[in-house]
Amino acid sequence: MLDRDKWYAQRGPQGDVVLSTRVRLARNLAGVPFPARLDAADRQKVCGEIRKAAKELAMAQKAIETVRWIEMADLPQLEAVSLAERRLVSAEFAGQEAGTALLLRGDGRVSAMLCEEDHLRIQAYSPGLALEETWAMADELDTALGWGLTYAFDERLGYLTQCPTNLGTAMRASVLLHLPALAALGRVGQLGESIAKLGLTIRGAFGEGSEAEGSLFQLSNQVTLGIEERQALENLQAITLQIAEQERRAQADLLQRPEWDNKCWRAYGILRYARILDSGDAIKLLSLARLGVTGGILPIPLETLNALMTDIQPATLCLARQVQDAGQRDRARAEMIREQLTVDS
């Protein structure tokens, strides 16, 4: 059975369109070369310094309550890839390079990647559109760690980062959007051109270079220099609300067409009774089913579809169902979906 208590299963504010919010803060230690200039031994020293600061500040009781310290090189490959599928680490970080580590709060809503592109990348997550709440969680950990660490900072350039595009606040805030109607009507490209003028970018769900599988898109701020965090958050909030309203209007238009009503019901039927589903087909069908739910057609709890969109990912599924080869995995995926939709019917 699915665990609807997982944060990514919940329906937060604007949850029909906005699945989740993420705020990421990049930080580097003063006087230490960026990770690209460090070997494994030096990266390990950086990780050790950050871990020491966390222990000294009793972080387990303050900013992140129950926390796991994970040496990425010691983590089984399947578990590392599952972390990336759940967006808790980047795909590159899941490569388990020696001298990298992860701080992870028990509920998965706060984490910190150590020696990824920067020495420290703090991430916080919330369901739905919750930029202020999510930024507060990331800022709490950032501030607490900052008491025991000296961050690289310049009065003119702000926080110093390996990639110049992150200089300034070094904050990237993003929202994960489900835009099936705008995508079907071919409006996402035009939308991307419009918001680029406002300092925002829209990409596939896993960031730069990724495809928008299941009509899932990541909208984030691009400008970090010469702007305060709160101003960037307010800008992203305003544009997200506008896009959400556009998607709702597009859904209302699309679902008046009999062929789209049929597509949603057909997707539901396949999901209910299929015996084999690969991840690509499954995410497309779940996207159509989610369109049917938000459009008032299908009687499925939105939380169920939110959870399934993550839990059916290959590595995450293999860990949950203890399967190994692709054939077993595709049968287990179909079984997981059938079980949950049967319970919720």
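Fair warning: this is a prediction, and the values are worked out from it, not measured in the lab.
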Can you check whether L198's main-chain N or O pairs, donor with acceptor, with N235's side chain at less than 3.5 Å?
yes
Hey, mind stepping through L277 and L285 against side-chain contact (heavy atoms from CB on, under 4.5 Å) and telling me if it holds?
CA-CA 10 Å; L277 282 172; L285 293 166; 3.9 Å; yes
So F93 and M72, side-chain contact (heavy atoms from CB on, under 4.5 Å) or not? Walk me through it.
CA-CA 8 Å; F93 196 73; M72 293 302 293; 3.5 Å; yes
Minimum heavy-atom distance between A289 and I300, given as atom pair plus value:
CB-CD1, 4.5 Å
Any side-chain to backbone donor/acceptor pair from R272 onto Y268? Under 3.5 Å, distance only.
no
Between V223 and L225, is there shared hydrophobic-cluster membership here, with clusters defined by ILVMFWY side-chain heavy atoms closer than 4.5 Å?
no
Indicate yes or no: at least one non-hydrogen side-chain atom of E116 is less than 4.5 angstrom from one of S90.
yes
Calculate, to the nearest 0.5 Å, the distance between atoms CG and CG belonging to N306 and L308 respectively.
9.0 Å
Near Q328 CD, under 6.0 Å, is it more than 12 heavy atoms from other residues, nucleotides or ligands?
yes
Run the salt bridge (charged side-chain N to carboxylate O under 4.0 Å, His left out) check on E117 and R121 step by step: do they pass?
CA-CA 8 Å; E117 183 174 291; R121 284 204 163 184; 3.0 Å; yes
Hphob cluster co-occupancy, W265 + L341, side-chain heavy atoms under 4.5 angstrom
yes
Taking E85 for its side chain and A315 for its backbone only, find out whether a donor-acceptor pair lies under 3.5 Å.
yes
What I'd like to find out is whether the side chain of L219 reaches to under 4.5 Å of the side chain of L200, using heavy atoms alone.
yes
Nearest heavy-atom contact between L255 and G295 is CD1-CA, 3.5 Å
R321/E335 salt bridge by N-O under 4.0 Å criterion
yes
Side chains of L19 and L177: closer than 4.5 Å at any heavy-atom pair?
no
Under 4.0 Å between a side-chain nitrogen and a carboxylate oxygen: does that hold for R248 and E245?
yes
Donor-acceptor pair, distance only, cut-off 3.5 Å: does the side chain of R68 make one with the backbone of L104?
no
Find out whether M137 and R105 are in side-chain contact, i.e. whether some heavy atom of one side chain is under 4.5 Å from a heavy atom of the other.
yes
Please check: side-chain N/O of S82 versus main-chain N/O of L78, any donor-acceptor pairing under 3.5 Å?
no
For T294, give me all partners under side chain to side chain contact (heavy atoms under 4.5 Å, CB included), at least two apart in sequence or on another chain.
D16, Q251, R290, L302
Less than 4.5 Å apart, side chain to side chain, heavy atoms only: is that true for I283 and Q313?
yes
Path from L160 to L114 over hydrophobic side-chain contacts below 4.5 Å
no
Any carboxylate oxygen within less than 4.0 angstrom of a Lys/Arg side-chain nitrogen, looking at E49 and K45?
no
I would like to know whether R338 and T342 meet side-chain hydrogen bond (donor to acceptor under 3.5 Å, both in side chains); could you show each step before the answer?
CA-CA 6 Å; R338 285 199 317 273; T342 298; over 6 Å; no
Any donor-acceptor N/O pair, Q162 side chain to A36 backbone, under 3.5 Å:
yes
For the atom pair CD1 (I70) and CG (L88), what is the distance rounded to the nearest 0.5 Å?
9.0 Å
Using 0.5 Å steps for rounding, measure from the CG atom of L167 to the OG1 atom of T165.
8.0 Å
Sub-4.5 Å side-chain heavy-atom contact between L241 and Q14:
yes
Among the clusters formed by ILVMFWY side chains lying less than 4.5 Å apart, do W69 and V110 turn up in the same one?
yes
Examine I297 and W260 and state if one hydrophobic cluster contains both, with Ile, Leu, Val, Met, Phe, Trp and Tyr joined whenever side-chain heavy atoms are less than 4.5 Å apart.
yes
Once rounded to the nearest 0.5 Å, what's the spacing between atom CH2 of W135 and atom CD of E229?
6.0 Å
For T100 versus C115, what's the shortest heavy-atom pair and its separation?
CG2-O, 3.3 Å
M336 vs D311, side-chain contact (heavy atoms from CB on, under 4.5 Å): CA-CA, chis, key distance, verdict:
CA-CA 9 Å; M336 175 184 283; D311 289 342; 4.2 Å; yes
For a salt bridge (charged side-chain N to carboxylate O under 4.0 Å, His left out) check, start with the C-alpha distance between R333 and D330, then their side-chain angles and the critical distance, and finish with the verdict.
CA-CA 5 Å; R333 180 179 294 109; D330 290 349; 2.8 Å; yes
Taking all non-hydrogen atoms of both residues into account, name the closest pair between V89 and A80 and its distance.
CG2-O, 4.2 Å
Side-chain heavy-atom pair L191, Q246 within 4.5 angstrom cut-off
yes
Interatomic distance, I122 atom CD1 to M171 atom CE [nearest 0.5 angstrom]
13.0 Å
Under a 4.0 Å threshold between the charged nitrogen and the carboxylate oxygen, would K6 count as salt-bridged to D107?
no
L25 versus Y159: any side-chain heavy-atom pair under 4.5 Å?
no
R172 vs N166, test: side-chain hydrogen bond (donor to acceptor under 3.5 Å, both in side chains). Steps then yes/no.
CA-CA 8 Å; R172 294 284 182 176; N166 291 323; 2.9 Å; yes
Looking only at heavy atoms, what is the nearest atom pair of T224 and A170, with distance?
CB-N, 4.1 Å
Using salt bridge (charged side-chain N to carboxylate O under 4.0 Å, His left out), reason through R230 and E132 one step at a time and then give a plain yes or no.
CA-CA 8 Å; R230 197 167 299 278; E132 284 286 340; 2.8 Å; yes
As a quick check of understanding, evaluate side-chain contact (heavy atoms from CB on, under 4.5 Å) for S287 and L216, giving each step before the final call.
CA-CA 8 Å; S287 177; L216 294 174; over 6 Å; no
More than 12 heavy atoms from other groups under 6.0 Å of CZ on R257
yes
Looking at Q324, I want to see if its CD is surrounded by more than 12 non-hydrogen atoms of other residues, nucleotides or ligands under 6.0 Å.
no
Could you report the tightest heavy-atom contact between S220 and S174, atom names first, then the distance?
CB-CB, 3.6 Å
Show every side chain to side chain donor-acceptor pair (under 3.5 Å) that has at least one partner inside residues 21-34, sequence neighbours left out.
R22-Q123, R27-D142, N28-D118, N28-H119
Between CG of L233 and CD of E228, what distance do you get to the nearest 0.5 Å?
11.0 Å
